[in-house]
Colleague: 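One structure, as structure tokens, below. Some questions next.
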Amino acid sequence: MQDKGKLYLVATPIGNLEDITLRAIRILKEVDLIAAEDTRHTLQLLNHFNISKPLISYYRQNEKEKANSILDKIEEGKNIALVSDAGTPGISDPGEEIVKKAIERKIDIIPIPGACAAIAALIASGMNTREFCFLGFLPANNLYKKRVLEENKYETKTIIIYEAPHKLKNTLKLIKEIWGNRKVTIARELTKVYEEYKRTDINDALEVLQDIRGEYVIIIEGSKISQEDIEIKKRNELSLTEHYKFYQNKGYSKKEIIKLIAKDRNVNKNEIYKEFT
Ligand code: SAM
């Protein structure tokens, strides 16, 4: 029986064509087929690197059906590379579906890492890079957008958002409305001629941003208050008896409850113990 091929997830540049890796070029030359989000767009990249390969289309709307036919070909022994229009496949781009199905079908998946706008913007942002939360594109509908922002209001990690230029100001306004003013880095046209960073706060960004064209990543400082801080604050507004009941309803023992209340109220547990004997 013919050995199975492999699925390669190949990152391509996000602007500057020099940002393709040597390995990516080699894999694109070696595979039997390239599945691309936009075949015409990828053809330009391939032409630039003198790569001639059959291309098949694989985009959001045909992702589910196409995934199976691509994987059928891999099972027949073909090696296939998946690329998106720019950057890392699967990151706000098609990829996730085929990877899930490939895992089910026990097909080897080999990522070929490279450019990713979120990571490039984050590392240049000046914000905390140790922990971050990638939200990708927020929903287009304002109602859903607000909901996602509400859900992430107390996220303490640095937040990364992709946004289209014509929606940038509206999104910043909503962020300010729901999260308040915060530090922000607006990274524009990464790796390209008009690459630019505005490291400021949302109020200022809303004033100074003009001539909004090109591609943008928004990096926002995480919340200084966590969801847990909010919950503790709420519990501390309860009477001691209510606070006790709160933990009792969760099934904690008396000893545990006293410890938890003392921790919430930042007092010695003996003080709480006295109240309940
Ligand atoms: N898969 C890509 C990646 O790895 O970054 C992201 C693809 S997503 C469809 C496109 C969005 O990524 C753009 O709307 C923009 O928010 C961001 N983006 C891509 N290239 C960029 C660049 N050169 N500069 C700034 N943002 C970029």
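When a ligand or atom number is given, it counts from 1 through the structure's own listing order.
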Colleague: Give the numbers and elements of all ligand 1 atoms closer than 4.0 Å to a heavy atom of Glu163.
Modeller: 16 (O)
Colleague: Does a salt bridge link Arg188 with Glu215, judged by any charged N lying under 4.0 Å from a carboxylate O?
Modeller: no
Colleague: Under 4.0 Å from a heavy atom of Cys116: which atoms of ligand 1 are those, numbered in the order shown and with their elements?
Modeller: 4 (O), 5 (O)
Colleague: Show which atoms of ligand 1 fall inside a sub-4.0 Å distance from at least one heavy-atom site of Lys192.
Modeller: 23 (N)
Colleague: Got a salt bridge between Arg235 and Asp264, using NZ or NE/NH1/NH2 to carboxylate O under 4.0 Å?
Modeller: yes
Colleague: Taking atom types as modelled, is there a side-chain donor on Asn170 or Asn142 under 3.5 Å from an acceptor on the other?
Modeller: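 Indeed, the side chains of Asn170 and Asn142 share at least one donor-acceptor pair under 3.5 Å.
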Colleague: Going by the atom numbers of ligand 1, which of them fall below 4.0 Å from some non-hydrogen atom of Val217?
Modeller: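 That gives atoms 25 (C), 26 (N) of ligand 1.
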Colleague: Between Lys153 and Ser223, do the side chains contain a donor N or O and an acceptor N or O under 3.5 Å apart?
Modeller: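 No, no side-chain donor-acceptor contact under 3.5 Å.
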Colleague: State the atoms of ligand 1, each with its element, that fall below the 4.0 Å cut-off from a heavy-atom position in Thr88.
Modeller: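 In order of numbering, the contacting atoms are 1 (N), 3 (C), 4 (O).
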Colleague: Around atom CD of Glu18, are there more than 12 heavy atoms of other residues, nucleotides or ligands at under 6.0 Å?
Modeller: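 Open.
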Colleague: What class does the angle between the rings of Phe246 and His243 fall in, given that below 30° is parallel, 30 to 60° is tilted and above 60° is perpendicular?
Modeller: perpendicular
Colleague: Are any of the N or O atoms of Leu190 closer than 3.5 Å to those of ligand 1?
Modeller: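 For ligand 1, there is an N or O atom that lies under 3.5 Å from one belonging to Leu190.
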Colleague: Measure Asp93 to ligand 1 on non-hydrogen atoms and call it side chain, backbone, both or neither using the 4.0 Å cut-off.
Modeller: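 Within the 4.0 Å criterion, Asp93 contacts ligand 1 through side-chain atoms alone.
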Colleague: So, regarding Ile14 and ligand 1 (criterion: nitrogen or oxygen to nitrogen or oxygen, under 3.5 Å), is there a contact or not?
Modeller: yes
Colleague: Is the number of heavy atoms from other residues, nucleotides or ligands under 6.0 Å of Arg60 CZ greater than 12?
Modeller: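 Yes, because the 6.0 Å sphere around CZ of Arg60 holds more than 12 heavy atoms from other groups.
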Colleague: Flag yes if more than 12 heavy atoms outside Phe132 fall under 6.0 Å of its CZ atom; otherwise flag no.
Modeller: no
Colleague: Does any N or O atom in Ser92 lie less than 3.5 angstrom from one in ligand 1, N or O only?
Modeller: no
Colleague: Does Ile91 reach ligand 1 with a nitrogen or oxygen that is under 3.5 Å from one of the ligand's nitrogen or oxygen atoms?
Modeller: yes
Colleague: What part of Ala86 sits under 4.0 Å from ligand 1 if we count only heavy atoms: the side chain, the backbone, both or neither?
Modeller: backbone
